[in-house]
Amino acid sequence: MTTLSDIKSRPIYAGLKVDEYARRHLVAAEGEGARAVIEAFSMAPEALDRTTILYCPGGSAGQDHETALADLAPDLIHVAPSIETLLVRLKGMLNTATMGTRLYATGTEGFIGQVVAAAVGFGVDHHSIFTEHRGSLARRVQCVHCKGMTDNVTATPFTCSHCGLTLFVRDHYSRRLGAFQGVCVDAEEPGVIPPAEELYK
Amino acid sequence: MGIQFKQETFRDDYTFSNSPEAIRRFPFPFDRDEYMYSVNIEQHMPGPPKSYVEFPIDIDEHYVSEMRDRAIVLKEDPLRCQSLPHMLPAEWDLVELLMDSMSKHYPEHFQLTKDGDRWHWVNQPLGIDQTFTFGDTATLPCPPMEYITRQCQGDFALLDQRQDNLWMDAGIVTTQADWSLDFDIGMNFMEWHGPVPIAHDIGVFDRALKFLLNLQQGRPVRRLNWTMTINPRLDTSPENYHKWGQEKATVTPENVGDKVHLRVELQALWRLPRSNAIVFSIRAYLISMEELVTIPKWGRRFPRILKSLPEPIANYKGLSRYREMTIDWLSKYDDGQPTSPGFFPD
Ligand code: HEM
């Protein structure tokens, strides 16, 4: 697990641990999150016939983590081509999920944030979701001006993919949005833009 | 006779100013020559006549123009007013709190008559006459929190209490010191205070939260908070920062007195009866440096505050760019004499 900086509004990703009392395990994983799933579930093989894994290779495409996940032999594994399509399927499953279902989310922070935000929308208490950060430190950032989301932000400042303003990434995180806050960096002196620093690789 | 409401603007040509009476009742927030974050919470008791705390809800000469500015902000950006569905009972609690208080203390401007749940509200300065059924949202032209806070000075947040924490689950925020309701809605007390420096480490937020969780109905509390604003702009939101940020670079030694404003927030908290939620009101007052120095004690004290302000707090408040220039301008009003303890003018 990667240690993340001390930001009061940012969630703590405590790590995946299989809940032995759960009747059903619903696992959403992205990229390197596959390794966290394999580590946790190979310790609890009795849970696997009650486990659904939704996986998006994302930043780890080509590494064939999907085969390693399939080798766990869960009840179901679905490999999604993108985070967006994974979320569509996840929401469908949350909609029909029964009592006793435990949700797990692992991968980049932006991915975990989107899974948690989707689940909260179905009445899941965010404290009940087991999360583990894996992979790059890239951030998902919301432009505070136009409200557009930019995924996989690795440097600050960066250009908003919607309105084109140059945004500084503030260390402030919204769970509801699953995103950090981006604020115009040259508002006071237009055009005066500090060099970008790759802080979130 | 009542209050003489001014016609003025908080944007574009910035015609806002304070009358001499408004200056005298300004909530100057410093009771000594230095400033540090603290748990500065006290009972929200009625203060001296004509003071900003004479009544629980303070309506002043800027009322009509402030409400016009709020309407402009909401028209351009409806996300400044949001409420999660479970907050509707708290919204109605807020309607009751504000209508009761405004009509009781300013009867020449606001009147409320109740016939069971059938309420009749008259707001003369804004020309509103509304009959509605308390608790029935369909009988108002917009949701209850938005309805009443379009008619009351100050931003408002409604906080739900659960899991030993407070959750900002509703609010109307159009006159804020650079924070976003749309970003913060749904956060808890520690999360929305995340960006504030120093205060977490010295235990201010732990103690303040503990205190507020025990807030009792009928025993409201208050505190003052402050920052600085260039031009008398109410909407210093992050949403519009790319539009107003440039104004911070327009301060020169010649225009400090006119452009640089102290911005003080009177923050009050009430426990609400039906919902058990807490309402947090953030009532902003602006005063230019020119106006401030008409009170000699404040003219002496404020430059001393700015000089001794810890760097992380100055940066957080966003005043580093014009802090020195403001100290220089104010220094001619500080003759080095001792200042008397307490907030009020001598
Ligand atoms: C419960 C209702 C309250 C709400 C909704 C609230 C909200 C906020 C918000 C949104 C900010 C701006 C944070 C940012 O930069 O994004 C802030 C700042 C701050 N709050 Fe609160 N607050 C509340 C109560 C309190 C209390 C009781 C204290 C008492 C110590 C306090 C102390 C502070 C301080 C010291 C700051 C920094 C202000 C500055 O330096 O300008 N708050 N608050």
Side-chain angles (χ1 to χ4, degrees), chain A residues 4-12 113 116-128 139-150 157 159-160 162-193, chain B residues 76-80 82 84-86 162-165 167-169 173 176 178-201 204-206 209 230 236-251 315-316 318-322:
Chain A
L4 299 174
S5 63
D6 174 36
I7 298 169
K8 298 282 191 299
S9 52
R10 176 191 246 170
I12 293 163
V116 171
V120 167
F122 286 89
V124 178
D125 179 354
H126 70 88
H127 288 112
S128 76
R139 292 181 171 186
R140 187 162 181 262
V141 182
Q142 190 203 39
C143 172
V144 76
H145 311 290
C146 79
K147 307 290 178 188
M149 293 286 183
T150 302
T159 304
C160 174
H162 301 262
C163 69
L165 285 176
T166 309
L167 305 179
F168 149 83
V169 182
R170 202 170 173 225
D171 276 345
H172 198 16
Y173 183 86
S174 161
R175 190 185 311 108
R176 184 180 73 90
L177 301 169
F180 286 85
Q181 187 175 69
V183 181
C184 181
V185 75
D186 60 338
E188 299 184 17
E189 285 183 83
V192 180
I193 295 171
Chain B
E76 288 174 358
D77 182 3
L79 295 177
R80 302 296 190 87
Q82 297 191 43
L84 302 181
H86 62 277
R162 52 182 199 270
Q163 297 164 335
D164 277 334
N165 216 323
W167 303 81
M168 198 193 295
D169 286 346
V173 176
Q176 71 268 49
D178 211 0
W179 64 279
S180 166
L181 173 74
D182 182 52
F183 195 77
D184 285 9
I185 191 167
M187 287 189 192
N188 68 39
F189 189 86
M190 293 302 172
E191 291 171 345
W192 79 63
H193 281 124
V196 181
I198 302 175
H200 290 274
D201 304 327
V204 164
F205 291 129
D206 284 326
L209 175 60
I230 299 311
T236 46
S237 58
E239 277 80 0
N240 284 332
Y241 174 55
H242 58 308
K243 300 178 188 159
W244 58 266
Q246 275 186 64
E247 297 178 17
K248 287 171 90 169
T250 61
V251 183
N315 285 336
Y316 171 74
L319 38 96
S320 303
R321 191 182 283 278
Y322 50 84

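In what follows, chains are A, B, ... by sequence order, proteins preceding strands, each numbered from 1. Below, each value reflects all heavy atoms present in this structure, side chains not excepted, and no hydrogens, waters or symmetry copies. Note that this is a predicted model, so its numbers are computed, not measured.
Contact of A/Val183 with chain B is made through the side chain alone, with heavy-atom distances under 4.5 Å. Residue B/Trp192 touches chain A through its backbone alone, counting heavy-atom pairs closer than 4.5 Å. Of the two parts of B/Asp182, the backbone and the side chain both hold a non-hydrogen atom closer than 4.5 Å to a non-hydrogen atom of chain A. With a threshold of 4.5 angstrom between heavy atoms, B/Met190 approaches chain A through N, CA, C or O but not through any side-chain atom.
Counting heavy-atom pairs under 4.5 Å between each of A/Cys184, A/Ser174, A/Cys146 and chain B puts A/Ser174 at the top. Put simply, of B/Glu247, B/Gln163, B/His193, the one with the most heavy-atom pairs under 4.5 Å next to chain A is B/Gln163.
Taking CD of A/Gln142 as the start and CG of A/Leu177 as the end, the distance is 5.0 Å to the nearest 0.5 Å. The CE atom of A/Met149 lies 12.0 Å from the CZ atom of A/Phe180; values are rounded to the nearest 0.5 Å.
For B/Asn240, the side chain to side chain donor-acceptor pair (under 3.5 Å) test picks out B/Asp235, B/Lys243, with sequence neighbours left out. Taking the side chain to side chain donor-acceptor pair (under 3.5 Å) definition, one finds that B/Ser180 meets it with B/Glu239, sequence neighbours left out.
Using a 4.5 Å cut-off on side-chain heavy atoms (C-beta onward), A/Arg176 and B/Ile185 make contact.
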